[in-house]
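Reviewing the structure listed below.
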Amino acid sequence: MPRNNQGKTMRDPDFFLHRYAPTTNLMAFLEVPYDKLVDCIAQWERRRDKYREVPVQKTEIGGTWEQRLNSLLPLTLHSPKAMISETQSPWCVYVDNGMQGTDIYSDPSYLCQILGVHEIAITMVRDIPKIKPGSTQFSYSDGSRAKKIVSETGYYYEVPGRYIAAHRESRWEFVEQGEPFPFEELEQYQARRIKDRLTPEMVERYCSHFGIDLFNPDFYSGRACIFERQVHPDSPKLLHFPNQRQP
């Protein structure tokens with residue numbers, strides 16, 4: 001891992017985009033004190049425990065960001081482990097151990113709404129033709145202005161914010177919703193290749209305007225814990241991160 005003359009870890013995009021993919025290809029940040037976030041999740045899980053045979057276990061963890069990510073292993077299909085960690089900022093980070101990467105648009109989105117806080121969710125998946133479609137996304141949600149909309153079939157939250165994406169499904173598409181921030185590199189959105197209109201480096205720069213040092217492993221320090229629910233023993237598992245060679 002790259003270090004400067006003082007021995008401090010520096011910017012290391014490969015750590016996030018490759019070595020700890022898919023977990024760090026998708027991450028959610030919530031601007032909320034760690035204790036408040038953890039207490040909210042614990043209460044939410046206790047309400048859901050009545051439908052489970054085994055309650056969710058909460059475990060405090062320490063160590064470096066690398067060690068914390070390794071504590072999510074094995075990766076599984078249904079993401080039974082979710083980690084919440086403090087950072088060197090007012091934001092906490094949320095990742096889980098899903099084989100396809102962190103499910104950033106499920107629990108983190110709900111937490112943003114019920115806590116009434118800001119959320120940033122990022123996606124940085126490398127495009128591999130004929131194997132895996134690429135996607136780069138930056139999403140900002142203002143949960144403090146969420147509106148509860150009641151319909152005949154239930155209710156949902158309408159959350160204002162900003163969403164930008166360059167992603168490939170059957171073809172490359174560029175999408176943007178909401179009002180642009182002053183710091184956005186709007187001219188880049190006109191790039192000839194759609195995949196170049198939003199890049200991981202741009203997402204990194206956008207995050208920096210909120211005090212998030214996205215590609216610095218040392219940024220992810222402070223208290224951390226894992227919430228873990230039971231998973232079927234026959235569920236498919238990955239015992240290591242796919243891009244890391246094993247001895």
Side-chain angles (χ1 to χ4, degrees), residues 1-4 9-31 65-66 69 85 87-89 91 93-96 98-105 108-109 112 118-142 160-220 241-244:
M1 190 178 299
R3 293 180 179 273
N4 61 20
T9 304
M10 299 184 294
R11 179 177 180 272
D12 189 357
D14 183 71
F15 180 100
F16 294 86
L17 300 176
H18 182 74
R19 286 177 54 201
Y20 280 91
T23 302
T24 51
N25 287 163
L26 298 95
M27 298 191 291
F29 298 86
L30 294 153
E31 192 177 27
W65 180 233
E66 185 169 19
L69 290 170
S85 175
T87 68
Q88 295 179 9
S89 76
W91 299 82
V93 63
Y94 178 108
V95 291
D96 67 36
M99 280 184 178
Q100 302 302 315
T102 300
D103 185 358
I104 56 175
Y105 293 115
S109 180
C112 165
H118 299 153
E119 178 202 10
I120 290 175
I122 56 102
T123 300
M124 304 175 295
V125 177
R126 185 166 65 96
D127 185 65
I128 306 175
K130 298 182 180 180
I131 297 177
K132 188 174 185 178
S135 181
T136 303
Q137 302 177 38
F138 175 87
S139 175
Y140 171 88
S141 301
D142 185 355
R162 176 67 168 152
Y163 174 73
I164 317 154
H167 62 99
R168 179 171 68 87
E169 293 180 2
S170 57
R171 59 186 177 86
W172 278 98
E173 296 179 325
F174 181 72
V175 180
E176 55 171 319
Q177 300 169 352
E179 289 296 319
F181 286 106
F183 56 74
E184 287 185 35
E185 301 167 24
L186 300 179
E187 69 285 352
Q188 190 63 29
Y189 301 165
Q190 306 304 316
R192 186 181 63 81
R193 292 199 313 175
I194 294 176
K195 65 186 294 185
D196 295 333
R197 296 180 188 179
L198 184 69
T199 65
E201 291 75 21
M202 290 171 66
V203 170
E204 177 190 22
R205 291 192 290 271
Y206 288 7
C207 284
S208 71
H209 287 275
F210 297 93
I212 295 172
D213 194 0
L214 188 62
F215 290 153
N216 180 0
D218 280 350
F219 171 72
Y220 302 84
F241 289 91
N243 298 324
Q244 296 182 19

Passes side chain to side chain contact (heavy atoms under 4.5 Å, CB included), Trp65 versus Ser85? Steps please.
CA-CA 9 Å; Trp65 180 233; Ser85 175; 4.2 Å; yes
For Arg126, does the CZ atom sit with more than 12 other heavy atoms under 6.0 Å from it, leaving out its own atoms?
no
Can you see which heavy atom on Phe16 is nearest to which on Asn216, and at what distance?
CE1-N, 3.9 Å
Would you call Glu169-Arg171 a salt bridge at under 4.0 Å N-O?
no
Partner set under side-chain contact (heavy atoms from CB on, under 4.5 Å) for Ser208, not counting sequence neighbours:
none
Heavy-atom closest pair (Arg197 atom, Gln190 atom, distance to 0.1 Å) is NE-C, 4.3 Å
Mark yes when over 12 heavy atoms from residues, nucleotides or ligands other than Glu179 sit less than 6.0 Å from its CD; otherwise mark no.
no
Evaluate the side-chain proximity of Trp91 to Phe210: yes if any heavy-atom separation is below 4.5 Å, no if none is.
yes
Going by distance alone, is a donor N or O of one side chain under 3.5 Å from an acceptor N or O of the other, for Gln137 and Tyr105?
yes
For Arg19 and Phe241, which heavy atoms make the closest approach, and how far apart are they?
O-CB, 3.7 Å
Scan side-chain atoms only and decide if Gln88 and Tyr220 contain a donor-acceptor pair under the 3.5 Å cut-off.
no
Does a side chain donor of either Glu66 or Tyr20 reach within less than 3.5 Å of an acceptor in the other side chain?
yes
Taken to the nearest 0.5 Å, the spacing of Glu201 CD from Thr136 OG1 works out to 8.5 Å
Grab the two heavy atoms, one from Phe219 and one from Gly211, that are nearest each other, plus how far apart they are.
CE1-O, 3.5 Å
Determine whether Phe215 and Asp14 satisfy the following criterion, side chain to side chain contact (heavy atoms under 4.5 Å, CB included), listing intermediate values before the conclusion.
CA-CA 8 Å; Phe215 290 153; Asp14 183 71; over 6 Å; no
Sub-3.5 Å donor-acceptor pair from the side chain of Asp96 to the main-chain atoms of Asp103, do we have one?
yes
Any non-hydrogen side-chain atom of Pro160 less than 4.5 Å from a side-chain atom of Ser141?
no
Return a table of donor-acceptor pairs under 3.5 angstrom between the side chains of residues 118-125 and protein atoms on other chains or two or more places apart.
residue	atom	partner	partner atom	Å
His118	ND1	Glu31	OE1	2.9
His118	NE2	Asp142	OD1	3.2

One should read off an interatomic distance between Glu173 CD and Lys195 NZ, to the nearest 0.5 angstrom, of 15.5 Å
With side chain to side chain contact (heavy atoms under 4.5 Å, CB included) as the test, would you mind laying out the steps for Phe138 and Cys207 before giving the verdict?
CA-CA 9 Å; Phe138 175 87; Cys207 284; 4.2 Å; yes
If you take the centroid of each ring, where Trp contributes its six-membered ring, are Tyr206 and Tyr140 closer together than 6.0 Å?
no
Are the ring centres of Phe174 and Tyr189 closer than 6.0 Å?
yes
Main-chain N/O of Asp196 paired to Gln188 side chain as donor or acceptor, under 3.5 Å
yes
Heavy-atom distance under 4.5 Å between the side chains of Ile164 and Glu184, does that happen here?
yes
For Ile104 versus Ala28, what's the shortest heavy-atom pair and its separation?
CG2-N, 3.9 Å
Between Pro217 and Asp12 the two heavy atoms that sit nearest each other are CD-CB, 4.2 Å
Does atom CD of Gln100 have more than 12 heavy-atom neighbours, drawn from other residues, nucleotides or ligands, at distances under 6.0 Å?
no
Side chain to side chain contact (heavy atoms under 4.5 Å, CB included) with Val93: which of Leu214, Ile212, Thr87, Thr102?
Thr87
Are any side-chain N or O atoms of Arg162 and backbone N or O atoms of Gly178, one a donor and one an acceptor, separated by less than 3.5 Å?
yes
